[in-house]
Amino acid sequence: MMIAAMAHWKKIGIILGLTFIALYPLVHGDTYVMHIFILFFIWAVVASNWNLLMGYAGIFSLGNIGYFAIGAYASGILCKAFGWSPWVCILMGGLASMVCVTLFVGLPALRLSGIYIALLSLIFADSLPTILTQTRSITGGAMGLHDIPPLFEGITRLQSYYINFALFLVMLTIIYRTIHSSTGLAFVALRDSRSFAKALGVNEYKEKIKVFALVSLLTGITGGFYVHYLGDISPTTLAIEPFLLAIAMMEMGGIGRFPGAVLGAVIIVFGNEFLRLAGTLRLALLGALICAIILFFPGGLMQFIDWIDLRLTRLKARRAISS
Amino acid sequence: MRCSNCWTAIILALAVGCLAGGAVAEEPILIGTPLPLTGPYASDGEQMKMALELAVAEKNAAGGLLGRKLELKFGDVGGLEAEKIKAVGERLIGAGVDVVITGYDDGGVDTKVFGQYDVPYLHGNAMTLCTEPVAQNFEKYWNCFQYTYNDKDYGVDAAVHLFEVPPQIGWKPPNKKIAVIKVDYAYNVMPADEFARRVEKQGYEVVINETTQFGVAEWGPILSRIESTQPAFVTFWNLDPTDAARFIKQFSDRFGDEGIDALVYMQYTPSIPEFLELAGKAAEGLIWVGSAGNSGPKFEDYKKRWVAQFKKDPAGLYAVATRDAFDIWAQAVERAGCVDCYREVARHMREATYEGMAATYVFNPLDQSALLGEYLMPLVWYQIWEGKSVPMGPKRFKQTNYRKPPWIKK
Amino acid sequence: MNIKEIINTLVSGLISGSLYAIMALGLTIIYGVIHVFNFGHGIVAVLGGYFTWLFLTKLGLGLIPSILLALVFMFFFGLLLFKATINPLLKTPNWEFSTIIFLLGMGILLENLALQAFGPRVKHIPAFFEGSLKIGFVRVNWHEISLIGIVLVFILILNFFLKKTWFGQAMRAVAQDMDGARIVGISITRIFGYAFAMATMVTGFSGILLGTKYYMTPHIGWDWMVKGFVIVVLGGLGSATGAVYAAFIMGIAEALATLYLGSLWVWPIWFLIFVTILLLRPQGLAGGRTL
Amino acid sequence: MTRFNPPALEIQDVDSFYGELQVLRKASLRLQQREVVVLFGPNGHGKSTLLKAIAGIHPAAAGSIRYLGEEISRTPSAQIVEMGVAYIPEARNLFTDMTVGENLRLGAYNRRARSQVAQNLAYVFDLFPRLAERRDQIAATLSGGESRMLAVGRGLMSGAALLLIDEPSIGLSPIMKRAVFGAIAKIKSARDIAVLMVEQEVEHPLRLADRVYLLKKGRVILEKPAAEINKAEIEQAYF
């Protein structure tokens with residue numbers, strides 16, 4: 001019985017984790033902790049999308065916070081300017097992000113590789129603040145966009161919590177299914193051996209554009225949920241810190257491993273809040289953490305889980321032999 | 001020996017201990033302080049933190065507030081992202097703070113964050129964005145106080161007093177053209193736009209209205225435009241002392257010898273200590289406007305205590321103003337006689353006049369920002385001479401007369 | 001069209017160009033030899049400036065001794081950093097990604113340690129020369145002329161070093177064919193180590209130069225780094241001479257954009273130039289030649 | 001006698017892997033000083049891997065490699081070059097953005113050879129007059145035969161006592177082949193040097209060689225003096 005449970009410990013862990021998240025507001029329901037959970041839902045999705053692009057498709061994109069911001073801004077602006085329903089705006093924001101990113105990063109990226117894509121996407125994200133400033137009358141410039149309507153009038157924290165939890169589940173399901181679909185397999189094939197994949201008839205350009213479009217759409221939509229939850233956004237979202245946090249989440253969980261980014265997000269979002277107690281040393285500790293993982297745990301948390309798994313399998317085998 | 005007795009004894013002892021402890025050590029009053037402790041604003045954040053630590057230490061040494069000890073609860077709002085101020089705000093409130101005091105913590109979201117609660121919130125953001133909600137919806141935001149004036153006030157003030165300078169130095173402006181050079185940051189954009197709107201109504205022409213980003217290294221192209229349009233008034237609105245220092249240095253390099261017929265005005269920035277150090281001689285003759293600054297016997301005494309505690313001088317406005325804010329609140333609590341009767345405390349703050357170091361504080365009943373005035377919270381006009389900022393106005397502060405800046409040759 | 005305005009603006013463009021070239025120098029050497037993008041470039045530059053400032057104000061050394069001492073410091077710092085961290089990382093299968101993320105993390109760590117050590121206040125390094133040169137209506141500071149001069153002299157020295165010394169030749173050899181280099185008896189790890197150390201020193205030097213004009217806070221490095229990236233990619237990764245061309249082109253583009261469109265247009269125009277050049281010539285201006 | 005005059009190269013039971021794939025299985029061979037030995041064998045059976053193991057480019061997993069009696073199987077490649085072993089790879093590995101002259105000069109990178117750059121350069125130019133003509137040309141612009149010459153010339157610049165040449169003739173026209181092997185013959189007669197050459201082509205090398213080894217599936221299956229073996233016998237062993 002014990003052994004059987006141990007064999008499924010990962011599944012049990014996921015179920016327990018999700019049950020805990022689902023029940024938390026009903027049992028304890030501290031609004032501050034709920035806020036942190038909502039941030040976790042959102043950043044976990046952003047990091048998982050990033051992981052899909054970088055870890056699975058092997059496209060070295062560094063601009064994902066930019067894709068997020070486009071979705072967030074577009075949704076906020078549409079909602080404020082035309083008074084459309086936030087749900088429509090979120091979808092439009094996702095589409096806006098998809099169009100911009102595919103056009104300005106995805107298409108040029110077809111002709112580029114590795115480090116060039118990294119720099120192109122980074123510079124794309126870095127030029128967004130100036131573009132926002134440029135269009136100050138619409139975007140609020142450096143002052144940011146404020147008083148963005150919530151998803152519906154009089155929304156409570158509890159409702160936001162469950163809506164974003166649903167977003168989290170839906171997005172992760174989409175990402176999971178993408179990874180295990182033929183598209184996902186094509187990504188992995190391209191990442192691991194481009195010539196072999198091409199020989200199999202994988203169209204590199206088509207797959208690259210597909211993954212850019214998908215990731216920017218999902219990231220943009222998540223940006224929309226973020227902005228309607230917070231009610232405010234400014235170019236500070238594009239500053240270095242959120243960027244580093246998202247990278248750290250991905251890396252912490254394990255690049256190119258599916259639930260990795262989610263685990264990373266748990267540690268980073270809650271850890272970052274906890275580290276606020278450390279005051280001025282917070283970011284130094286974050287930097288040290290990133291360095292230490294790369295040096296000593298290059299596979300991230302997923303490597304650790306694999307290690308436990310291996311131990312358990314061995315234990316099971318030994319028990320089976322001894323009995 | 002039967003052990004049921006031991007258990008009874010232990011339980012009794014514990015119960016007595018708890019009761020006694022509860023009665024003797026009353027819970028401290030928690031003060032929530034969202035501060036920019038990391039990121040680009042950390043230098044001010046550090047001063048705010050020190051000011052509050054000193055304030056609490058002194059108050060506790062004097063027996064506490066209403067006989068209760070005070071304790072600070074810090075939260076880092078980093079680069080002032082909306083996401084952070086929201087999280088920090090909720091954490092502080094969740095921890096049960098009875099007041100929130102900060103130097104500055106945000107570009108406009110803070111009022112909405114803290115307006116949801118009842119604890120008094122005192123901030124020095126000096127932004128119209130932070131006080132507008134209070135003016136529009138007092139019912140909801142009655143607990144938010146801004147112990148500085150609004151950024152727009154700089155624009156209103158400059159549109160009046162800038163034009164009083166030329167007659168005092170015996171110089172006739174060659175035209176009615178104005179240059180407005182501002183950085184894209186609410187604190188600077190709001191007053192600059194307000195200024196531009198007002199002077200245009202007064203019949204001036206804004207020939208250059210340039211918005212930059214932070215970190216401009218080469219002002220050459222903008223100086224070239226100044227040279228070709230020849231405005232009589234050049235106004236510069238940029239919070240970053242390095243941008244401002246580079247601007248005035250390159251301005252003086254370009255026009256110092258041949259001369260240019262223009263006054264140069266800056267909003268606030270020269271009050272940041274680095275500015276004079278970086279700009280050096282180039283700043284001679286520059287006119288700027290800022291707070292009354294740190295002077296007077298009350299400040300001198302404060303400075304001594306500060307140096308004794310931290311072994312260095314207090315730097316900048318927030319080392320002083322944050323302390324004033326603390327004192328305003330502490331006075332209100334003492335008058336109200338209770339700390340968690342928030343509406344009472346807020347009423348006392350609203351109604352009181354407080355003689356602080358940086359100003360005499362009276363809150364504007366409309367938006368609960370500190371009222372501007374020569375004898376209240378003044379905007380003081382300075383001109384830089386011999387490496388020092390010399391107060392020129394209003395009358396109460398005036399030490400000497402304006403002089404012609406070195407680049408005006410006529 | 002005001003000729004005075006245009007010429008003065010072009011001069012400004014040259015000055016900005018020299019600053020951008022300075023930002024790119026260390027990056028291009030590291031990439032040229034090791035094929036690693038130094039995402040900790042900014043803070044390394046800032047540290048060079050801070051060390052100089054420290055020796056200058058706290059030890060009371062003169063400007064030149066302070067700079068030299070700081071350069072020695074930076075050299076050994078680079079060597080240590082390489083031996084302790086980058087070298088082991090280069091041996092992992094995912095080295096391209098790992099080194100970048102590692103250097104990013106190190107950047108933020110060092111930035112915040114510098115914040116603790118030096119405090120958040122703005123520091124600066126005094127200008128090398130006072131006074132200015134006047135030709136007709138154009139007026140340029142001697143200091144700014146010296147910056148342009150340093151960039152040009154630096155490129156000459158670098159080219160001499162790369163072409164005429166055994167070590168420089170070995171660096172080029174490693175950059176062009178690592179196995180070939182090994183075959184002729186070059187120790188890759190040694191060359192990598194010294195190249196990294198040298199590039200760290202050059203990056204530190206760039207921080208000193210930039211510290212005279214931009215002034216220094218621990219955070220300013222990110223800005224220098226991102227601009228350096230644009231320049232390096234445009235110039236052709238790993239080509240120092242290409243980077244200098246790119247820097248002057250971007251400096252002049254920036255100055256003209258500021259004059260005619262306003263300074264907020266600078267980044268969008270940079271991005272446009274960047275994408276256009278990358279699409280037309282993905283190998284950059286210098287045409288994909290290494291070192 | 002052997003104590004004072006050890007073999008130039010002595011290889012014993014060398015294993016080598018690429019990842020999981022074992023390429024060499026207990027390969028052994030020996031090379032006397034001033035001897036020219038050719039190693040024949042089918043493609044992909046470990047000939048090049050053996051040379052790489054000797055040169056320290058892809059170190060052996062097990063076994064011993066002695067050069068002039070000294071164990072070098074764990075020595076870094078740079079030091080092996082310094083000791084006098086020059087490896088001329090099939091892939092050439094030239095520095096394509098440098099001139100012919102620079103490439104040759106780098107051949108003399110090791111400390112021992114640096115003092116003799118001028119002398120060796122004259123020797124290489126004498127051997128390959130074509131290279132002298134193209135001295136200031138960028139290596140990337142050379143023809144196949146010329147770059148082969150450059151690779152050999154660069155190897156000779158190190159002042160080696162043992163030359164490891166990997167398929168010098170591959171992809172060359174008959175005229176070029178003759179030129180390259182002619183040069184190797186010249187080296188053999190003029191210099192105090194041992195040569196271990198890997199080849200597919202049989203005719204030319206057989207004329208040069210003192211002895212012949214045959215390598216198949218990572219094992220040495222045959223060793224004979226060159227005079228006692230003919231082309232047909234070798235080609236038969238390939239299959």
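Because only heavy atoms are used, hydrogens play no part in the values below, and waters and symmetry mates are left out as well, while side chains stay in. Labels below follow one simple rule: chain letters A, B, ... track the order of the sequence lines, proteins then strands, and each chain is numbered from 1.
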**Student:** Got more than 12 heavy atoms from elsewhere within 6.0 Å of CZ, C/Phe129?
**Tutor:** no
**Student:** Please indicate whether C/Leu59 has more than 12 foreign heavy atoms, meaning atoms of other residues, nucleotides or ligands, lying under 6.0 Å from its CG.
**Tutor:** yes
**Student:** Less than 4.5 Å apart, side chain to side chain, heavy atoms only: is that true for C/Arg121 and B/Ile272?
**Tutor:** yes
**Student:** Can you find a heavy atom in the side chain of B/Glu210 that is under 4.5 Å from one in the side chain of C/Leu264?
**Tutor:** no
**Student:** Measuring from atom CH2 of C/Trp265 to atom OG1 of B/Thr211, what distance do you get when rounded to the nearest 0.5 angstrom?
**Tutor:** 12.5 Å
**Student:** Who among B/Gly215, B/Ala217, B/Pro241, B/Gly280 has the most heavy-atom pairs with chain C under 4.5 Å?
**Tutor:** B/Ala217
**Student:** Please determine whether a side-chain nitrogen of the Lys or Arg among C/Lys4 and B/Glu227 lies less than 4.0 Å from a carboxylate oxygen of the Asp or Glu.
**Tutor:** yes
**Student:** Just wondering, more than 12 heavy atoms not from B/Lys409 lying within 6.0 Å of its NZ?
**Tutor:** yes
**Student:** Would you find more than 12 non-hydrogen atoms of other residues, nucleotides or ligands less than 6.0 Å from B/Tyr204 atom OH?
**Tutor:** yes
**Student:** So C/Tyr214 and B/Thr242, side-chain contact (heavy atoms from CB on, under 4.5 Å) or not? Walk me through it.
**Tutor:** CA-CA 7 Å; C/Tyr214 278 86; B/Thr242 70; over 6 Å; no
**Student:** Calculate, to the nearest 0.5 Å, the distance between atoms CG and CG belonging to B/Leu223 and C/Leu259 respectively.
**Tutor:** 11.0 Å
**Student:** For the residue pair B/Glu218 and C/Ser16, confirm or rule out a side-chain donor-acceptor distance under 3.5 Å.
**Tutor:** no
**Student:** Let's go through C/His124 and B/Glu274 carefully: what are the C-alpha distance in whole Å and the side-chain angles of both, what is the deciding distance for side-chain contact (heavy atoms from CB on, under 4.5 Å) to 0.1 Å, and is it a yes or a no?
**Tutor:** CA-CA 10 Å; C/His124 77 291; B/Glu274 289 102 312; over 6 Å; no
**Student:** Please list all pairs meeting salt bridge (charged side-chain N to carboxylate O under 4.0 Å, His left out) that have one or both residues in residues 132-150 of chain C, counting only residues at least two apart or in different chains.
**Tutor:** B/Asp257-C/Arg139, B/Glu258-C/Lys134, B/Glu258-C/Arg139, C/Glu144-C/Lys213
**Student:** B/Gln213 and C/Ser263: side-chain donor and acceptor closer than 3.5 Å?
**Tutor:** no
**Student:** Please determine, among C/Val122, C/Thr258, C/Leu256, C/Leu115, the option with the most heavy-atom pairs under 4.5 Å with chain B.
**Tutor:** C/Val122
**Student:** For C/Leu19, is it the side chain, the backbone, both or neither that has a heavy atom under 4.5 Å from a heavy atom of chain B?
**Tutor:** side chain
**Student:** What is the distance from atom CG of C/Asn8 to atom OG of B/Ser224, rounded to the nearest 0.5 Å?
**Tutor:** 4.5 Å
